[in-house]
Amino acid sequence: MSIEWNQESREFHLRNDRVSYVLRVLENGWLGHLYFGSPLTEGRSYAHLVPGEFLGYSNRVGEPVPFEYPSGGSGDFRIPAVAIELPDGSGVLDLRYASHRTLPGKPVIPGLPSTYVEVGGEAETLEITLSDAVAQIEVRLLYTIYRDRPLIVRGARIANAGQAPLILRSAMSASLDLPDSEWQLISLSGDWARERHVVRQGLRPGRQSVSSLRGSSSAQHNPFVALARPATTEDAGEAIGICLAYSGNFLAETEVEPFGTARVRAGINPEGFSWLLEPGAEFATPEAVLAFSATGLDELSHAYHDLLRERMARGSWRDKLRPIVINNWEATYFDFDEPKLLAIATAAKEMGIEMFVLDDGWFGRRDDDSSSLGDWTVNTAKLPGGIESVARKVEALGMRFGIWIEPEMVSRRSDLFAKHPDWAIGVPSRPKTESRNQYVLDMSRPEVVDYLFDALSAILGSAPISYVKWDMNRNITEPFSPTLPAWRQGEFFHRYILGVYALYDRLTEAFPGILFESCASGGARFDAGMLAFAPQGWTSDNTDAVERLKIQWGTSMVYPLSSMAAHVSAVPNHQVGRITPLETRAAVAFFGAFGYELDPTKLSADETAEVAQQVAFYKKWRELFQRGRFHRLISPFEDDRDVTAWMTVAVDARSAVVGYYSILNRPNSGPTRLKLRGLDPATSYRVSIWTAAVGDENDESPSPIVLGGDVLMAAGLVIEGLRLSSTQGDFRARVYVLESI
Ligand code: GLA
C-alpha cells in the first residue's frame, strides 16, 4: 500500500496489490482523474492518459475533462459533484489544487458512520485541498486506501473560508469520470417485500439514476450501484462499485456525454437539499466506498462483505457468531400475553433456538398498529410482570431475550403525542399525512433524541435484554422542522438522519452487550451506514423461500451474510400465500443470520423434529453461514431455468455448503452440472447431501462421494434426482456439504 506524489508530473498514485487510483493536478490547477482499476507499477507517470488537449477549456467549452470533483459554471456541463450558492447569488466555482498531505490510518467523520482502522499500517489517507480564491471555499477530498482491499474510500469536506454565509446545494461523496461508457449499471431496486432485486441495464446518453427522497435509504433503491462491462459475469470481467455509507435521501447517478465518456456520482440527494455554511463552518459528506474487480462481481462483493463486516460494523457483536432467533411477530402479531410468549420460547428452546425476540405490541396500550408508538413503557395488560418478568423467565429457560422498538415514531393515539404534538414532523399550517397510523418524530431536534435515549435506556436497563430490533415503518412526509429557520429547512432530512445516528451511537455505547438489528418495514433501510451501529438487518418482511432467493441474492451484492437476518416462517406464507417445504425454507434462510418467525407450538411432531435438526445443522456450520465466502452460482434473475444456486466456502476452503433450489419443477429434466467456486483445486472433498426432512420419501440421500476441488469447479457437481420424479413437486432445495478429507 502506498500513496505516491510525483512532484514533477504532479500526480498522485494510491496503490496496493489489488487496485491503483491515479489523479493529476492539471496545468491550470484543476484536479483531474486519470485511472481507477487493476494495480499499475509505482514510480511512473500516467499523465498521458489524459491527453494535453483536455488541459483547459479555452475555446473548448464542454469537452469532457476527467474531473475528480467537478463543479458547474466554467465549462463542464455534466452533473457536478459540488454546487454552492455564493453570497452574490452566483454559482460559478473554480476549484484548484492548493495543497495535500497524507495521514496514517483514517480520520473519522463527525456524526456520520464510517469505516475505520484498528491496527497500525492498515490504511493510509490522502487529503487534497482544493480552493476557490474568489469564492473563498476550501474543499478537502479524502481518499483512504487499505493495505489489501481492492477499494478506495472517499469523502469530501467543504469549508467556508470567507466572511459571508454560503448555501451548499449539492455535495457528493464521490464523483468518478470514466474514459468510456461501455458499461451496464447495476442497481438493487424493488419495493416493500421485494427489496434489492438486481436490475442491470446499459448506460445510454444522458442521465440514469437511483435515489431516495423518503427520508430513509429505502426499499425502492439501495444506496449502491455497480458498473459492469456487458460481458462481466460473477467470475469474470471488470466491475466498479460505489457504496454509500448513508441511510437517508441519496442519489447515485450516471451521465454519458456526447464524447462517450461516463461520469458517476453518489452522495446525499441534492433534490430538496441545502446547507447553510456560516463563515468558518465545514460540511462533511457521508463516505463512499469505491471498489474495483477485474474478475467479476463475485470479487466485488467479497471486497464489500469483508470491509463492512470487519471495518464498518463495530462493537462487541462484530466478531461474534450471531444467535439463532425466534421472533413472535408472525406467530402472534399483537395478540399475546406472557404465558403465550413463554410457551413459544419453551418450544423454541426445546428445538435448540437460542434467542427469543418479543416483537411489536409490548408497550403502551398497543393492541394493533393504531396507538402507543412513543410510549416506551410496558403494556401491563399483556405483561403484568413487565418486560423484566418475561425476560427473566426466558433467561431461566436457558435462552436470551430481545425486544422490538420503533424509536423514531409516534402514534396520534399516544401520551407522547398528547404531550408534544410539535415533535411530530409536519408543516404547522398543513395536515400531517399518517402512514400506518403513525407520524415520524423530528429527529433533528436534540430534545427528541434525549427523550428517546432516556425512555429506551430505562427499558433496556430494566431487564436482561440482549438484542434489539430497531424498526422504522414509514416514510417521511411534510418534511419541516419548526426549530430550523426558513433558510435552513433544506437541512432537515440530513439533520434527521444525523439525529438517528446520534441516538444509535448513544444507545450502542450505553448498552455495548446488546446486538442491534436494524429494520424498516423489512429491508427499507438496509445500508452500509446502518451497519456501523447494527451489524445485522431484517432483510425483508417477505419470508417466502422463493421470494427470498431474489432478495438475498441481490442483498449479497454488497452486504455480508452475517448482516442478513433470514427466518423460516409458517406456510401458507403470510406475504404471498405460497406453500413451500419446511426443508426449502430452511435451506434458503441458512444463508444468513438464521432464525424462525412462526409459532413452534403449532408444529407437528415431525416438523418439530425437523426444526431441531435444522437448528443443529446451522449451529454446526454457523461460521460458514455467517462468515464464509459467499459465491452466487445460478441467478434467480436470469434465464428461465427456475433454478437458483449459491454456496459459502470456509476462508481456509476446507469446507463449504452449497444451496441448490429448484423453483418450479420441470418434467423430463436430466441431471445438470453445477460449477462450484472458491474451493481448493488440490483438495479432495467428501460431498454429502444434507436433509432434515422427516418422513419425506423424496429425500433418500445417496451416500457421500469424494470429489476433487478441481473437478467440482471445472466440471461441476452433478445435480441429479431433484427434478426427475413427478412426485418431487415445486420449490425443492438441496443442501450439499463439502468437507475436505
Ligand atoms: C415491521 C417489521 C416487521 C414487524 C412489524 C411490527 O413491518 O418489518 O418485522 O416487526 O413491523 O409492527
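For the single chain, residues carry numbers from 1 onward in sequence order. In each ligand, atom 1 is the first atom listed, and ligand 1 is the first ligand listed.
Contact between E406 and ligand 1 is absent, with no heavy atom of the residue lying under 4.0 Å from the ligand. Within the 4.0 Å heavy-atom cutoff, H567 does not count among the residues contacting ligand 1.
Per-residue contacts place R436 under 4.0 angstrom from the following atoms of ligand 1 (heavy atoms of the residue considered): 6 (C), 11 (O), 12 (O). Within ligand 1, the atoms closer than 4.0 Å to a non-hydrogen atom of K469 are 3 (C), 4 (C), 9 (O), 10 (O), numbered from 1 in the order shown. Each of the atoms 2 (C), 8 (O) of ligand 1 lies under 4.0 Å from some heavy atom of C519. When each atom of ligand 1 is checked for a heavy atom of G522 under 4.0 Å away, the hits are 8 (O). Under a 4.0 Å criterion applied to the non-hydrogen atoms of N473, ligand 1 contributes the atoms 1 (C), 7 (O), 11 (O).
At the top of the distance list for atom 3 (C) of ligand 1, counting protein heavy atoms only, stands D541 OD1, 3.4 Å.
For P535 against L515, the heavy-atom pair with the smallest separation is CG-CD1, 3.7 Å. Of all heavy-atom pairs spanning A391 and A463, the tightest one is CB-CB, 3.9 Å.
Taking distance alone, with nitrogen or oxygen atoms compared against 3.5 Å, E597 stays at or beyond that limit from ligand 1. Looking at ligand 1, you'll find an N or O of D360 within less than 3.5 Å of one of its N or O atoms. Polar contact check, W329 against ligand 1: no nitrogen or oxygen pair lies under 3.5 Å apart.
Note on residues 346-356: pairs passing side chain to side chain donor-acceptor pair (under 3.5 Å), not counting sequence neighbours, are E354-R622.
In the model, D471 has a side-chain atom that pairs as donor or acceptor with a side-chain atom of N473 under 3.5 Å. Side-chain N/O atoms of S247 and Y501 include a donor and acceptor closer than 3.5 Å. Checked by atom type, the side-chain pair Q575/E330 shows a donor-acceptor distance below 3.5 Å.
Test F630, W646, Y618 against F625 for ring pair (Phe, Tyr, Trp, His ring centres under 6.0 Å) and you get one pass: Y618.
Looking at residues two or more places apart in sequence or on another chain, you find a side chain to side chain donor-acceptor pair (under 3.5 Å) between N437 and D369.
Residue nearest to atom 11 (O) of ligand 1, selected from I405, D471, D359: D471 (by heavy-atom distance).
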